[in-house]
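See below for the structure under consideration.
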Amino acid sequence: MDQAAEKYLAAFPVDRFQKQLLYWFERNMRQLPWREDRDPYKIWVSEVMLQQTQVDTVIPYYKRFMERFPTLEALAEADEEEVLKHWEGLGYYSRARNLHQAVKEVKERYGGQVPENREDISTLKGVGPYTAGAILSIAYGQREPAVDGNVLRVISRLLYIEEDIQKVKTRRLVEAIVQCLIPEGRASYFNQGLMELGALVCTPKSPHCLTCPVHEVCLAYQQGVQSQLPVKAKKKKPKTVKLVAGVLTDGEQVLIRQRPNSGLLAKLYEFPNVEWYGHEPAETISRYLFETYGLRAETVEEWPLVQHTFTHLIWEIRVYRLQLAEPLGGTLKSAQNRLSLASETRWERIGNLDRYPFPVSHQKIKKELRQRL
DNA sequence: GATTCGTGGGT
DNA sequence: TACCCAAGAAT
């Protein structure tokens, strides 16, 4: 056993804790869509959706996703864009692309059977230490730790661990501890119980210690320091990026483009936009469209400012409706010919925009377009 | 090991 | 308002 883990568990009543947690979970577990059976594929999808995302947010996405991609094969055979469309609004879109790629990998390399060991399952895109442990324990009943934010918080309080839970070393320590705590044959409920306790009782701000099923063995509660744990480094403030977007339309069709294959909001669609500094934003987007796509466009009107906050940055988007300028004789159709080299761009009928996955920031612009035309 | 990757909800 | 937080992983 891990030496550091052993030290934390030396005087801990493991057996009592296991019984109290399992007893509580069996009587208080929420009925969730992904708890209806043990299909590894379904568990997998739910775990990926739940990464950094709250249960209530995931539920409707999970239901729609399972209705459209009910089996691993169904997802493996789907087009990536349709997968992204079903992920639209959920965030962290690389999760969807990685899941899709990994599912195709399982179909080809493992005959459609999700690997049952940590080594193989961890080679799949988007399957890290937590997701691997969650699938192995929940779907296959294996004694593997599944340490997420809830478990880090619960264990750090339970055993009075003052290490920064954002450190990889701390996560590994907690994994070693949980490995020792999982009762034989009860890995699924034990791991889920730890997370459920964190979600419903041992909450970040004001934990409900008085009604906690394990408070009598909790070191933080005994010391009265539950609100000071876990220890976590402060986050940096997001930087503001000023963008200007152009909605180039004749009232029937509109210019959209697909974002690059990697990075922020990869492969999602958007209205052409560019970062701007200092000068007039309207002039900036007009010049940008000419230099990038050879389009002569002029400002028609300014639309409401779109502000969107990400984890690490803030977008402040000035939006202009544009129309093609006459000098180059531009109807949209002639412009389309000039656009043929720019493969990421596309003229699309406004009524068809819902076919494409847009990030929330550009959904706001799309909504404005709808209201005006 | 530090950053990058979304979004919505809570206080 | 300004944080913080959520069933994390990839780079």
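By convention in this document, chain letters (A, B, ...) are assigned in the order of the sequence lines, proteins followed by strands, and residues within each chain are numbered from 1.
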Worksheet, complete the sentence: Comparing nearest nucleotides in DNA chain C, the 5'-proximal residue of the pair A:Lys125, A:Trp34 is A:Trp34
Discussion item. Can you tell whether the side chains of A:Glu26 and A:Arg186 come within less than 4.0 Å, N to carboxylate O?
Written reply: yes
Item to complete: Can you tell me the distance, in whole Å, between the CD atom of A:Gln363 and the C1' atom of B:dT7?
Response: 11 Å
Worksheet entry | Under-4.0 Å salt bridge between A:Glu80 and A:Lys267 | yes
Worksheet item: Checking only heavy atoms, does the side chain of A:Thr53 share a donor-acceptor pair with the base of B:dG6 at less than 3.5 Å?
Response: yes
Worksheet item: For the pair made of CG in A:Asp164 and C1' in B:dG1, what is the distance, rounded to whole Å?
Response: 12 Å
Discussion item. Once you apply a heavy-atom cut-off of 4.0 Å, does A:Val55 come out as touching a base, just sugar-phosphate, or nothing?
Written reply: base
Worksheet item: Quick one: do A:Arg172 and A:Asp2 make a salt bridge, cutoff under 4.0 Å?
Response: no
Worksheet item: Heavy atoms under 4.0 Å, any strand shown: does A:Leu313 hit a base, just sugar-phosphate, or nothing?
Response: nothing
Discussion item. I'd like to know if A:Arg30 and A:Glu196 make a salt bridge, using a cut-off of under 4.0 Å between side-chain N and carboxylate O.
Written reply: yes
Item to complete: Please work out if A:Gly198 contacts a base, only the sugar-phosphate, or nothing of the nucleic acid, heavy-atom cut-off 4.0 Å.
Response: nothing
Worksheet item: When the P atoms of C:dA9 and B:dG8 are considered, how many whole Å apart are they?
Response: 22 Å
Worksheet entry | Between B:dA2 (P) and A:Gln166 (CD): distance, integer Å | 10 Å
Worksheet item: Quick one: is A:His312 getting a side-chain N or O under 4.0 Å of the B:dC5 phosphate, OP1 or OP2?
Response: yes
Practice prompt. Using a 4.0 Å heavy-atom cut-off across all strands, classify A:Ser46 as base, sugar-phosphate, or nothing.
Written response: nothing
Worksheet entry | Between C1' of B:dT4 and CZ of A:Phe310, the distance in whole Å | 12 Å
Practice prompt. Remember a base hit wins even if backbone is also touched, and classify A:Trp87 as base, sugar-phosphate or nothing at under 4.0 Å, heavy atoms.
Written response: nothing
Practice prompt. Measure up the A:His215 and A:Tyr221 rings against each other and bin them: parallel (under 30°), tilted (30 to 60°), perpendicular (over 60°).
Written response: parallel
Worksheet item: Just checking A:Arg35: base, sugar-phosphate only, or nothing, at a heavy-atom cut-off of under 4.0 Å?
Response: base
Worksheet entry | Distance between C1' atoms of C:dC4 and B:dG6 (Å, rounded) | 16 Å
Worksheet entry | Integer angstrom distance from the P of C:dA7 to that of B:dA2 | 24 Å
Practice prompt. Have a look at A:Ala146 and say if it touches a base, only the backbone sugar-phosphate, or nothing, with a 4.0 Å heavy-atom cut-off.
Written response: nothing
Worksheet item: With a non-hydrogen cut-off below 4.0 angstrom, is A:Leu32 in contact with a base, only sugar-phosphate, or nothing?
Response: base
Worksheet item: Between A:His308 and B:dG6, is there a side-chain N or O to OP1/OP2 distance below 4.0 Å?
Response: no
Protein N or O to nucleotides 9-11 of chain B N or O, pairs below 3.5 Å:
none

Response to the item:
At a 4.0 Å cut-off to heavy atoms of chain A, the contacted part of DNA chain C spans C:dC3 to C:dA10
Worksheet item: Relative to the 5' end of DNA chain C, which residue comes earlier, A:Asn98 or A:Glu47, by the nucleotide with the nearest heavy atom?
Response: A:Glu47
Worksheet item: What does A:Lys169 touch in the nucleic acid at a heavy-atom separation under 4.0 angstrom: a base, only the sugar-phosphate, or nothing?
Response: nothing
Worksheet item: Is any side-chain N of the basic residue among A:Lys107 and A:Glu73 closer than 4.0 Å to the acidic one's carboxylate O?
Response: no
Practice prompt. Answer with base, sugar-phosphate or nothing: what part of the nucleic acid does A:Arg30 contact at a heavy-atom distance below 4.0 Å?
Written response: base
Practice prompt. Answer yes when A:Glu216 and A:Arg16 have at least one side-chain N-carboxylate O distance shorter than 4.0 Å, and no when they do not.
Written response: yes
Worksheet entry | Option from A:Arg372, A:Lys366, A:Arg370, A:Lys364 for which side-chain hydrogen bond (donor to acceptor under 3.5 Å, both in side chains) with A:Glu368 holds | A:Arg372
Fill in: salt_bridge(A:Glu77, A:Lys104) N-O dist < 4.0 Å
no
Worksheet entry | Under-4.0 Å salt bridge between A:Glu302 and A:Arg321 | no
Worksheet entry | Side-chain N,O (A:Tyr92) to OP1/OP2 (B:dT4) below 4.0 Å | no
Worksheet item: Quantified in whole Å, what is the C1' atom distance between nucleotide B:dC5 and nucleotide C:dA6?
Response: 15 Å
Worksheet, complete the sentence: d(A:Glu116 CD, A:Tyr140 OH) to nearest 0.5 Å is 4.5 Å
Discussion item. For a quick check of understanding: with a heavy-atom distance under 4.0 Å over all strands, which category does A:Lys235 fall into, base, sugar-phosphate or nothing?
Written reply: base
Discussion item. Can you measure A:Leu268 atom CG to B:dC5 atom C1' for me and round it to whole angstrom units?
Written reply: 12 Å
Worksheet, complete the sentence: One should read off an interatomic distance between A:Ile350 CD1 and A:Glu252 CD, to the nearest 0.5 angstrom, of 8.0 Å
Item to complete: May I have the distance from A:Met49 (atom CE) to B:dT7 (atom P), rounded to whole angstrom?
Response: 15 Å
Discussion item. Nearest heavy atom decides the nucleotide; on that basis, is A:Tyr93 or A:Val168 closer to the 5' end of DNA chain B?
Written reply: A:Val168
